[in-house]
Protein chains: 2
Amino acid sequence: MLEQFETVSKAVADRNRVRILKLLETGELCVCQVTTVLDLAPATISKHLSVLKTAGLVQQRRDGRWVYYRLAEREFNPYALRALVLVASSLADDPTVAEDRRLLHMVNAVPLQTLCDQGRAALSSKAQANTTCCGGPS
Amino acid sequence: MLEQFETVSKAVADRNRVRILKLLETGELCVCQVTTVLDLAPATISKHLSVLKTAGLVQQRRDGRWVYYRLAEREFNPYALRALVLVASSLADDPTVAEDRRLLHMVNAVPLQTLCDQGRAALSSKAQANTTCCGGPS
DNA sequence: GGACCAATTCGCTGGTTGGCAAAATGATAG
DNA sequence: CTATCATTTTGCCAACCAGCGAATTGGTCC
């Protein structure tokens, strides 16, 4: 019990994992989409997603070469859903979260194949009209 | 924002700090009482309490030589109260938490001075008996 | 089959954290 | 003022963790 609670809290107690959860609130996402928005190494994102999955906060689905993640629907962990509610009701107007959502919009406008090939470069073409491409990513 | 959220999550993402919060749900407690129940070095408990305080989850009050901690009432951190609610609604029947509460009852039966002098030894001698429990107000 | 690809796992590194003992702090009692 | 006491701070160590590159896995396409 305490262990399960600790697993969930620890999973949520990381800035980038929270960013991932906030992204997934908008719906299912492919790993490469998350990677592009957070601008971290694929290995790092994969590990974060693994931690979130172990905590029962997300679940995965494979479709061909791509793996999609979404917020957990079933109760893998008795505290996971409550933690998701907490996250969902928080950080609504956090600047980083807002910027991530803005980037996600641009990511969604790019075909998955292009995104996986070019990574963040796939966004620049669209971002040119939009001057500021993340002045300070973190 | 994200930083404040992270501070709170990290504070809650530790087994022993959660145990402290669950203890404080029963009311205000002196540091030496918490130390006796958790059975850790005073320095360790003090550091944990400091982390909880920095996160805005608890507040302190000094009374003579003793320092009392209680769950935060004011909004030092915009996410602290929500986290406290989450903790309060969790772990109701966790064995460790239950055992801590049992010990706390015994601790409450011992005068503070005796507790500070003898630590855990003060419990074995007066395991049963007298006086009102709960020195804590409210 | 083999080339290719997205994602994961492995191995490593720098930074963080929980734990304690010892010293420092701040208050009380004589 | 001095001694004493509860708590906090400091210094240190072992364990853990986020991050990345390299190697591996599981899958598609030719």
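No hydrogens, no waters, no symmetry mates; every other heavy atom, side chains included, goes into these values.
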Distances under 3.5 Å between nitrogen or oxygen atoms of protein and nucleotides 17-19 of chain D:
from: D:dA18; atom 1: OP1; to: A:Arg17; atom 2: NH1; distance (Å): 3.1
from: D:dA18; atom 1: OP1; to: A:Arg17; atom 2: NH2; distance (Å): 2.7
from: D:dA18; atom 1: N7; to: A:Lys47; atom 2: NZ; distance (Å): 3.4
from: D:dG19; atom 1: OP1; to: A:Asn16; atom 2: ND2; distance (Å): 2.6
from: D:dG19; atom 1: OP2; to: A:His48; atom 2: NE2; distance (Å): 2.3
from: D:dG19; atom 1: N7; to: A:Lys47; atom 2: NZ; distance (Å): 3.3
from: D:dG19; atom 1: O6; to: A:Lys47; atom 2: NZ; distance (Å): 3.0

For nucleotides 22-27 of chain D, give me every protein contact, N/O to N/O, under 3.5 Å, one pair per line with atom names.
none

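The heavy-atom pair separating B:Glu25 from B:Ala88 by the smallest distance is OE2-CA, 3.1 Å.
B:Leu49 places its CG atom 10 Å from the P atom of D:dT7, with the value rounded to the nearest Å. Across the protein-nucleic acid pair, B:Gln60 atom CD and D:dT9 atom C1' stand 14 Å apart, rounded to whole Å. Taking atom CG of B:Asp63 as the reference point, atom P of D:dC5 lies 19 Å away to the nearest angstrom. Rounded to an integer number of Å, the gap from CD of A:Gln113 to C1' of C:dC5 is 8 Å. B:Trp66 places its CH2 atom 11 Å from the P atom of C:dT28, with the value rounded to the nearest Å. The separation between A:Ile20 atom CD1 and C:dA7 atom P is 13 Å, rounded to whole Å. The separation between A:Ile45 atom CD1 and D:dG21 atom P is 13 Å, rounded to whole Å. Regarding A:Lys53, its NZ atom lies at a distance of 11 Å from the C1' atom of C:dT8, rounded to whole Å.
Across all strands, A:Tyr68 comes closer than 4.0 Å to no nucleic acid atom at all (heavy-atom distances). Contact annotation for B:Gln33: no contact, since no heavy-atom pair falls under 4.0 Å across all strands.
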*asked:* Could you go through A:Met106 and A:Val110, starting from their C-alpha distance and side-chain angles, then the distance that decides it, and tell me whether this counts as side chain to side chain contact (heavy atoms under 4.5 Å, CB included)?
replied: CA-CA 7 Å; A:Met106 296 168 57; A:Val110 178; over 6 Å; no

_Worked check of side chain to side chain contact (heavy atoms under 4.5 Å, CB included) between A:Thr96 and A:Arg15_ = CA-CA 10 Å; A:Thr96 303; A:Arg15 172 190 177 86; 3.5 Å; yes

*Determine, step by step, whether B:Leu52 and B:Ile20 satisfy the side chain to side chain contact (heavy atoms under 4.5 Å, CB included) criterion, reporting the C-alpha distance in whole Å, the side-chain angles of both residues, the deciding distance to 0.1 Å, and the verdict.*
CA-CA 9 Å; B:Leu52 291 172; B:Ile20 294 176; 3.8 Å; yes

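The structure places OG1 of B:Thr26 at 4.5 Å from CG of B:Leu104, a figure rounded to the nearest 0.5 Å. Remark: A:Thr44 OG1 to A:Lys47 NZ distance equals 7.5 Å, nearest 0.5 Å.
Formation of a donor-acceptor pair under 3.5 Å by the A:Arg74 side chain with backbone atoms of A:Gly56 is not found in this model. A distance-only check finds a donor-acceptor pair linking the side chain of A:Lys22 to the backbone of A:Ser90 [under 3.5 Å]. Using modelled atom types, no side-chain atom of A:Lys53 and backbone atom of A:Val58 make a donor-acceptor pair closer than 3.5 Å.
Comparing the axis of the opening five pairs of the helix from C:dG1-D:dC30 to C:dG30-D:dC1 with that of the closing five pairs yields an angle of 20°, rounded to 10°.
Using a 4.0 Å cut-off, no side-chain N or O of B:Tyr69 falls inside it from OP1 or OP2 of D:dA6.
In terms of the side-chain contact (heavy atoms from CB on, under 4.5 Å) criterion, residue partners of B:Leu81 (sequence neighbours excluded) are, by chain and number, B:Glu75, B:Leu84. Residues meeting the side-chain contact (heavy atoms from CB on, under 4.5 Å) test with A:Ser46, sequence neighbours left out: none.
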Using atom types as modelled, flag every donor-acceptor pair under 3.5 Å from a side chain in residues 66-73 of chain A to any protein atom, sequence neighbours excluded.
from: A:Tyr69; atom 1: OH; to: A:Gln60; atom 2: NE2; distance (Å): 2.8
from: A:Arg70; atom 1: NE; to: A:Glu73; atom 2: OE2; distance (Å): 3.0

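Side-chain proximity of B:Cys116 to the nucleotides D:dA6, D:dT8, C:dT9 is greatest for D:dA6.
With DNA chain D read from its 5' end, the first of the two nearest nucleotides for B:Cys32 and A:Pro42 is the one closest to B:Cys32.
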